[in-house]
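Here's the structure we're looking at; comments come further down.
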Amino acid sequence: MTTLADAFTALYGNAPEACFAAPGRVNLIGEHTDYNEGFVLPFAIDKVAGIGLRIRPRESGRLLRIASTRGGQVVEAQANGLVPSMVAPWARYVAGVFWAMEQRGFALPGADILLDSTVPVGAGLSSSAAIECAVALGLNEHLGLGLSREELVLICQLAENEFVGAPTGILDQSASLLSTPDHALFLDCRTRDARQVDLPLAASGLQVLVIDTRVSHSHDSGGYRELVLACTRGARELGVAALRDVGTERLDEARETLAPEIYRRVKHIVTENQRVLDTVELLESRGPAAIGGLLLASHASMRDDFGISCVELDLAVDTSMAAGAIGARMTGGGFGGSAIALIEASHAEGVSAAVRRAFAEAGYITPEIFSVVPGPGARRL
Ligand code: GLA
């Protein structure tokens, strides 16, 4: 990352004191279960948000300057008393972490920050959480705040929920901060217990392809919020604290008592939680080649019951399967973004070519297709 340090020096006139990086993620399975206090199984990818950081001496005030290698103006604000409307939307992922730390009682100094991210924006790969986590880890380590990574997850979620304004759960931030190479992160979003589950893709001759449909999405508006509300209503009407508390055995009763649309949302969450547990069990007993059916069932559930797929994602999944994938599903919040396909490594070219051809024939934008391996979580560079 010398380029980040160089760009920082060129912009601010001083070298950064430290650089940090935090990854985006794919979610192998367990979608929209996080804010229902259920289970998720993501892994970190090798696309990261990097930050260069230089802390301002206390006596020179608390000015915060935020810039991005993607261009745009340098955003300037006071590190205390931050308000979202004072900060350009892209810089809120940085400023939001300062704000959230302030809420937790830390009076942070001013700083210069340069952001350099390779996580595509709007692709469902957690570009926003990657930025938040790089900033949170950077402040924690560089200023010696003594927070655990689990505490940083909650600070980043607070920034996302209250400062950015997206009512998301802890999936993305947990994946970015807690992942380890060659593992998926099995997380119970109620107890926040996390376990590393072996995901030996290369050793099994497998690959995970990401198919970014380039249909962009954002979670601070519309659809995502409505789903959160539908799930909350489902839980209330079933008399539980969260849909996590509803097992598959209660689905018949739920169908009879809930409005049809609420029932379908509930059904997705309840069955998806079970699929995460089943996936972990299969990974541990038989390895990654065994989970294809669960990935596909998860996609069908998101398409038919949760209503968050789109024609491009369905085409990516269907074409991958027809070209020999072991399993495929959309990943992330939905309404666009990316699908993943679990494939034998020798099928990578064939599956990619088939998907590109199908998109061209349908007249859709050319998708971005690349393979990902489970990589490390946030770190100092
Ligand atoms: C987005 C949110 C996560 C999670 C997923 C869906 O990525 O940020 O908290 O809800 O959607 O699983």
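Counting starts at 1 for both ligands and their atoms, in listed order.
Using a 4.0 Å cutoff on heavy atoms, Q157 does not count as a contact of ligand 1.
Checked against a 3.5 angstrom limit, the closest N/O atoms of G169 and ligand 1 fall inside it. Among the atoms of D172, some N or O lies under 3.5 angstrom from an N or O of ligand 1. The N/O atoms of E31, backbone and side chain alike, include one that comes under 3.5 Å of an N/O atom in ligand 1. For the pair H32 and ligand 1, the shortest N or O to N or O distance falls below 3.5 Å. Every N/O-N/O distance between N27 and ligand 1 stays at or above 3.5 Å.
Comment: E102 engages R62 in a salt bridge, judged by a side-chain N to carboxylate O separation of less than 4.0 angstrom. For the pair E151 and R104, the salt-bridge criterion is not met [side-chain N within less than 4.0 Å of a carboxylate O]. A salt bridge links R195 and E284; the closest N-O separation between the charged side-chain nitrogens and carboxylate oxygens is under 4.0 Å. Using a cutoff of 4.0 Å between basic side-chain nitrogens and carboxylate oxygens, R265 and E261 are scored as salt-bridged.
Ring-centre distance between H32 and F306: below the 6.0 Å cut-off. Aromatic pair F98/F163: ring centres not closer than 6.0 Å.
Of all atoms in ligand 1, listed by their number and element, those nearer than 4.0 Å to a heavy atom of D34 are 3 (C), 4 (C), 9 (O), 10 (O). When each atom of ligand 1 is checked for a heavy atom of T168 under 4.0 Å away, the hits are 2 (C), 8 (O), 9 (O). Listed by number with element, the atoms of ligand 1 under 4.0 Å from a non-hydrogen atom of L171 are 4 (C), 5 (C), 12 (O). Residue R25 has at least one heavy-atom neighbour below 4.0 Å for each of these atoms of ligand 1: 7 (O).
Among the candidates R25, E132, Q157, the single residue satisfying the side-chain hydrogen bond (donor to acceptor under 3.5 Å, both in side chains) test with Q173 is E132.
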